[in-house]
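Let me begin by presenting the structure, written as structure tokens, before commenting on it.
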Amino acid sequence: MAAKIAYDDIEVGTELPTQSFPVTRATLVQYAGASGDFNPIHWNEKFAVEVGLPDVIAHGMFTMAEAIRVVTDWVGDPGAVVEYGVRFTKPVVVPNDDKGATIEVGAKVAAKLDDNTVRVDLTAMSAGQKVLGMSRAVVRLA
């Protein structure tokens with residue numbers, strides 16, 4: 001695969017298409033199985049509350065992975081992401097109901113760098129709270 005977006009066609013301030021990602025308890029169980037992270041705060045409501053959380057919360061790495069999908073979908077190649085980092089600011093609380101939670105992610109090109117790369121700043125929100133801070137990716141464009 002190769003990036004579908006040309007460096008010369010992008011300007012600072014270019015906004016990437018916003019996406020929303022649903023998260024249910026079933027999603028968390030599937031992620032736990034795939035990742036091997038079976039911490040009970042991600043599936044056991046009683047345990048999560050006992051340790052001071054409001055309810056079961058999504059895995060931080062799951063939240064981070066969902067957010068970067070905005071960038072990889074835009075650029076057309078997951079391998080084009082050469083650097084990615086976040087700070088976890090708030091948990092994504094996932095209630096045990098038919099709706100679960102939603103992670104809403106927006107992003108925009110914040111800087112054009114050397115070697116056909118751009119810095120993309122992401123904003124990830126859930127239930128009106130910012131769940132990732134300093135969320136940035138460096139992406140190599142065509």
Side-chain angles (χ1 to χ4, degrees), residues 1-45 47-49 51-142:
M1 295 180 90
K4 296 186 297 185
I5 307 294
Y7 179 83
D8 292 335
D9 294 341
I10 296 303
E11 296 180 15
V12 171
T14 299
E15 293 192 20
L16 284 60
T18 300
Q19 293 189 50
S20 295
F21 303 100
V23 186
T24 64
R25 296 281 178 96
T27 308
L28 299 182
V29 170
Q30 291 169 336
Y31 181 82
S35 69
D37 182 352
F38 294 101
N39 187 323
I41 64 172
H42 304 302
W43 58 269
N44 184 320
E45 185 174 335
F47 183 85
V49 171
V51 298
L53 295 168
D55 204 333
V56 165
I57 63 170
H59 303 74
M61 296 305 284
F62 172 81
T63 304
M64 189 176 175
E66 289 293 80
I68 197 64
R69 287 176 55 191
V70 168
V71 176
T72 58
D73 288 354
W74 171 71
V75 77
D77 178 10
V81 177
V82 296
E83 185 178 318
Y84 178 45
V86 306
R87 288 189 183 157
F88 300 105
T89 56
K90 298 279 185 187
V92 175
V93 178
V94 183
N96 191 19
D97 59 19
D98 294 336
K99 295 185 286 183
T102 302
I103 303 169
E104 300 163 356
V105 183
K108 70 177 171 178
V109 175
K112 290 184 84 168
L113 308 172
D114 296 331
D115 201 22
N116 281 17
T117 60
V118 296
R119 189 186 87 217
V120 177
D121 291 353
L122 296 90
T123 303
M125 307 283 291
S126 184
Q129 295 190 319
K130 192 174 190 179
V131 295
L132 298 177
M134 299 295 292
S135 184
R136 296 179 173 173
V138 175
V139 183
R140 186 171 324 286
L141 302 180

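Quick caveat: nothing in here was measured; it's all calculated off a predicted structure.
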For the CD atom of Q129 and the OG1 atom of T89, what is their distance to the nearest 0.5 Å? 8.0 Å

Calculate, to the nearest 0.5 Å, the distance between atoms CG and CE belonging to L122 and M64 respectively. 10.0 Å

Passes side chain to side chain donor-acceptor pair (under 3.5 Å), E45 versus N96? Steps please. CA-CA 9 Å; E45 185 174 335; N96 191 19; 4.8 Å; no

If I compare all heavy atoms of G106 with all of T18, which pair ends up nearest, and what's the gap? CA-OG1, 4.1 Å

Of the options D114, D115, D77, which is the one that meets R140 in a salt bridge (Lys or Arg N to Asp or Glu O under 4.0 Å)? D115

Output the distance between atom CD1 (I103) and atom CD (Q19), rounded to the nearest 0.5 Å. 12.0 Å

Could you grab the distance from atom CZ of R87 to atom CZ of R136, nearest 0.5 Å is fine? 9.0 Å

Under the 3.5 angstrom rule, does the side chain of K90 hit a backbone N or O of M125 as a donor-acceptor pair? no

Any donor-acceptor pair under 3.5 Å from T102 side chain to S20 backbone: no

Nearest non-hydrogen partners of P95 and A101, listed with the distance: CD-N, 4.4 Å

Between A58 and V23 the two heavy atoms that sit nearest each other are CB-CG1, 4.4 Å

dist I5:CD1 -> L141:CG (nearest 0.5 Å) comes out at 7.5 Å

Start with the C-alpha distance between T27 and F62, add both sets of side-chain angles, then the distance that settles side chain to side chain contact (heavy atoms under 4.5 Å, CB included), and finish with yes or no. CA-CA 10 Å; T27 308; F62 172 81; 3.5 Å; yes

Would you find a donor on one side and an acceptor on the other, under 3.5 Å apart, between the side chain of H59 and the backbone of D37? yes

Which heavy atom in L28 sits nearest to a heavy atom in H42, and how many Å separate them? CD1-O, 3.4 Å

For the residue pair V12 and K112, what are the closest heavy atoms and their distance? CG2-N, 3.9 Å

Spacing of D55 atom CG and I41 atom CD1 [to the nearest 0.5 Å]: 11.5 Å

Before you tell me yes or no, could you show the steps for L16 and V109 under side chain to side chain contact (heavy atoms under 4.5 Å, CB included), namely the whole-Å CA-CA distance, both residues' side-chain angles and the distance that decides it to 0.1 Å? CA-CA 8 Å; L16 284 60; V109 175; 4.2 Å; yes

Minimum heavy-atom distance F88-G60, with the two atoms named: CE2-O, 3.1 Å

Derivation of the side chain to side chain contact (heavy atoms under 4.5 Å, CB included) call for E66 and V105: CA-CA 9 Å; E66 289 293 80; V105 183; 5.9 Å; no

Any residue meeting side-chain hydrogen bond (donor to acceptor under 3.5 Å, both in side chains) with Q30, in chain and number order, not counting sequence neighbours: none

